[in-house]
Amino acid sequence: MKKYIKKKILEIIDIDENKIKIEIPPKDEMGDYSIQCSNLRNEKYSNPIEIANMIKENFNDNENNFKDIKIIGPYVNFYLNYDKFNKIIINEIETNDNYGSLNQGNNESLLIEHTSINPNAEPHIGRCRNSLIGDFMSNLYAFTGYKVERHYFINDIGKKIALLVIGIENYGLKDDSFSSILDTYVKISNEAKIDETIDEKAFDYLKEVENGNTLMINKFKEITDKCVEGQLKIFNELNINFDIFTHESDFVYNNCLEDILNKLEKTDRLHEDELGRLYVDLEGYNIPTKEPVLVLTRSNKTSLYPIRDIAYTIHKINLNPKNNFIVLGEDQEVYMKQISAVLDILGYKAPELICYSYVLLDGDKMSTSAGTVVLVTDFMKAVRETLINEFKNRNSEIEEDKLNILVNACIKFTMLNVSKNKIVNFNLQNVTSFTGESGMYILYSLVRINSILNNKYELVDDIKFNNDIENKIVKELSEFPEVINELLKSNEPARLTKYIFNLSGLFSKFYEQVNISNEEDIVLKSSRIRLLKSISKVITNALNILGIDTIEQL
């Protein structure tokens, strides 16, 4: 409908289409859509009220989409012809299982890298935000017609892995399991802070790996494989999957790093400092660091992770130079600007960066090396136990498969319901609440809808309503494709969670105000059932994008 309004206004006044801002009025009596005419002034027309009157007088609503058009100050307000509008929207939803998608991707390939946790420990709930945002984006782009490849970069050759190898050599693993790796890593990291020979040994191990020492390479590979396997089991529980895995070591063994250094040397931006380290001069790139440089090697010329990241990023760019994304925490934003600058020097366009802020628990930031973390597995257990107790308090039980879905819904909805640029501060009771902005509330709304739809009703072709809440719901449903289109520009999952929370709230009002089972008017009853089916489809499509499964019954 907004496109229709814009089209008609452009027939009336010569103006840049982007200046036509269509808003939703704050009060119902002010109509369904409004336009601030101050934005439409040009050389010929400078008075907003004059422009508003001109639009009203010349607006050719030959399709009878509006029952009225009114002027309120400098605004033109449009009142929908809901008899027609409701039929169009509900029919569109019913005939399109992918309702919401405009096939923006047109089957183009799209590459997204997310998560890529160092394989030295279990993921904690803070790092999990990366995975959830990356999964949301992957689902969003797939929903809108892109062929999505989800990439995972396995950092298997850095100092942290070397420390872990040393830690296992010194202490072993408590039970030879993935869950005991974190304890070993924290222990050796703390010991390295007071014993500098541990770091020296780690650097020696890295040099042996880069020089092709088979025994050392196998040690690194064995512990890395165990870590990655354990991590993927956890992500599988969260229903987060990846398509392509690339090892950091691949770019060491194939002389790729040497090629990059040679190319940088030709640009006259590669230099050696007083310690013998090679670095890139980033002067002129306006990067907020004390020194505009990026160090690529140690004094012994073994590689540091930035040059390996550069090699991997070039690899990804070669795979997909057009649609290429990476998800990173805000603490990596400056680093990524440094990488992007080096890529620019080498003649490459960096992937689009999607940043997100921290996750706090009781106000504390988490750190793997310090051991101040809440592991994803522990947090999932806490959510699970809280839900079980909640159902017990309601004199009810929950099946295991449904419980798993609810746990994921609680965590994902809460994490994605906060703008990616804001800090998530978890409160376990809010996460698992049946009311408020929570995954439980959304799923419970869907269960209530399905409980009604499980009854058999006769459906007819005609549609009519007699309650304002029904019109409001249809209008909200009509906004879904626009919400999805906005998400492709903002990559902001909170826009979608807020949308389905509002839609669920409208359904709750409908549930309170409208009767279905005892309604004698067959057209009205049929229309309400079709409306519920439309709500269910839109919420389900939205939850799928968020990575949340649905439940038929609770």
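The basis for the numbers below is simple: all heavy atoms, side chains too, and nothing from hydrogens, waters or symmetry mates.
Electrostatic pairing of K533 and E94 does not count as a salt bridge here, judged by no charged N lying under 4.0 Å from a carboxylate O. By the 4.0 Å N-to-carboxylate-O rule, K3 lies too far from E482 to be salt-bridged with it.
Note that K475 lies in the cation-pi zone of Y33, set by a 6.0 Å cut-off to the ring centre and a 45° limit from the axis.
Side-chain contact between K316 and F153 is absent, with no heavy atoms from C-beta onward closer than 4.5 Å. Using a 4.5 Å heavy-atom threshold, the side chains of T313 and I317 count as touching. Taking 4.5 Å as the limit, some side-chain heavy atom of N262 sits within range of a side-chain heavy atom of E258. Looking at heavy atoms from C-beta onward, D135 lies out of side-chain contact with L238 at the 4.5 angstrom threshold. A heavy-atom distance below 4.5 Å is found between the side chains of I20 and L40. The shortest distance between side-chain heavy atoms of N65 and F85 does not fall below 4.5 Å. Taking the side chain as every heavy atom from C-beta outward, E265 and L261 never approach each other to under 4.5 Å. Contact check for I240 versus L132: side-chain heavy atoms found under the 4.5 Å cut-off.
Enclosure of atom NZ in K6 by more than 12 non-hydrogen atoms of other residues, nucleotides or ligands within 6.0 angstrom is indicated. Within 6.0 Å of CD on Q104 lie more than 12 heavy atoms contributed by other residues, nucleotides or ligands. For K84, the NZ atom counts as densely surrounded, since its 6.0 Å shell holds more than 12 non-hydrogen atoms of other residues, nucleotides or ligands. At most 12 non-hydrogen atoms from other residues, nucleotides or ligands lie less than 6.0 angstrom from NZ of K147. Around the CG atom of N42, the shell of radius 6.0 Å holds more than 12 heavy atoms that belong to other residues, nucleotides or ligands. The number of heavy atoms from other shown groups lying within 6.0 Å of CG (N286) does not exceed 12. Annotation for E222: atom CD does not count as buried by contact number, only 12 or fewer foreign heavy atoms lying within 6.0 Å.
In plain terms, the two heavy atoms of E210 and S303 that are nearest each other are OE2-OG, 2.6 Å. T550 and L443 make their closest contact through CA-CD2, 4.0 Å (heavy atoms, listed as atom of the first residue, atom of the second, distance). The minimum heavy-atom distance linking S504 with I539 is given by the pair OG-CD1, 3.8 Å. In plain terms, the two heavy atoms of V418 and T414 that are nearest each other are CG2-O, 3.8 Å. Closest of all the heavy-atom pairs between I548 and A409 is CG2-CB, 3.7 Å. Considering all non-hydrogen atoms of both residues, S438 and V431 come closest at CB-O, 4.1 Å.
No option in F507, F501, F413 other than F501 meets the ring-ring contact (aromatic ring centres under 6.0 Å, His included) test with Y441. Tested against R530, the residues N91, N86, I93 include a single side chain to side chain contact (heavy atoms under 4.5 Å, CB included) partner, N91. With R298 as reference, T302 is the one residue of V295, T302, L296 to meet the side chain to side chain contact (heavy atoms under 4.5 Å, CB included) rule. With S357 as the partner, the side chain to side chain donor-acceptor pair (under 3.5 Å) test is satisfied by one option alone out of K422, K420, E330: E330.
Although no hydrogens or angles enter the test, the distance criterion places a donor-acceptor pair under 3.5 Å between the side chain of R41 and the main chain of S38. Looking only at distances, a side-chain donor or acceptor of N544 sits under 3.5 Å from a matching main-chain atom of T540. Looking only at distances, a side-chain donor or acceptor of D273 sits under 3.5 Å from a matching main-chain atom of G276. Panel note: side chain N139, backbone I545; a donor-acceptor pair is recorded below 3.5 Å. No donor-acceptor pair closer than 3.5 Å links the side chain of N236 to the backbone N or O of N241. Counting only distance, with no hydrogens or angles, the side chain of S299 and the backbone of L275 share a donor-acceptor pair below 3.5 Å. In this structure, the side chain of N98 does not engage the main chain of S101 through any donor-acceptor pair within 3.5 Å. Panel note: side chain K21, backbone N18; a donor-acceptor pair is recorded below 3.5 Å. Proximity of a side-chain donor or acceptor of N408 to a complementary backbone N or O of E237 within less than 3.5 Å is detected. Side-chain atoms of D156 come within 3.5 Å of backbone atoms of S249 as a donor-acceptor pair (strictly under, hydrogens ignored).
Taking CD1 of I260 as the reference point, atom CG of L346 lies at 7.0 Å (rounded to 0.5 Å). The distance from atom OH of Y312 to atom CD of E248, rounded to the nearest 0.5 Å, is 10.5 Å. Expressed to the nearest 0.5 Å, how far CG of L10 lies from CD1 of I5 amounts to 12.0 Å. Annotation: the span from I117 atom CD1 to N155 atom CG amounts to 10.0 Å, rounded to 0.5 Å. Between the CG atom of L140 and the CG atom of L496 there is a distance of 8.0 Å, given to the nearest 0.5 Å. With values rounded to the nearest 0.5 angstrom, Y335 atom OH is found 12.0 Å from I287 atom CD1.
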Stepwise side chain to side chain contact (heavy atoms under 4.5 Å, CB included) test for I500 and L546: CA-CA 11 Å; I500 57 174; L546 295 171; 3.8 Å; yes
Hey, mind stepping through T497 and E437 against side chain to side chain donor-acceptor pair (under 3.5 Å) and telling me if it holds? CA-CA 8 Å; T497 57; E437 294 187 43; 5.7 Å; no
Worked verdict on F235 versus S131 for side chain to side chain contact (heavy atoms under 4.5 Å, CB included): CA-CA 8 Å; F235 291 126; S131 308; 3.2 Å; yes
Criterion side chain to side chain donor-acceptor pair (under 3.5 Å) on Y141 and N323, from CA distance to verdict: CA-CA 10 Å; Y141 287 114; N323 302 309; over 6 Å; no
Under the side chain to side chain contact (heavy atoms under 4.5 Å, CB included) rule, what do E486 and E492 come out as? Steps first, then yes or no, please. CA-CA 9 Å; E486 289 175 13; E492 183 56 81; over 6 Å; no
Intermediate values then yes/no, side chain to side chain contact (heavy atoms under 4.5 Å, CB included), K498 and N417: CA-CA 7 Å; K498 303 294 183 187; N417 193 39; 3.6 Å; yes
Under the side chain to side chain donor-acceptor pair (under 3.5 Å) criterion, do N320 and S109 qualify, and how do the steps go? CA-CA 7 Å; N320 194 324; S109 296; 5.0 Å; no
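Y4 and F59 have perpendicular rings, their planes meeting at more than 60° on a 0 to 90° scale where under 30° would count as parallel. Classification of the H114-F242 ring pair by plane angle, with boundaries at 30° and 60°, yields tilted.
Counted by atom type alone, E476 and N502 present one or more donor-acceptor pairs between their side chains at under 3.5 Å.
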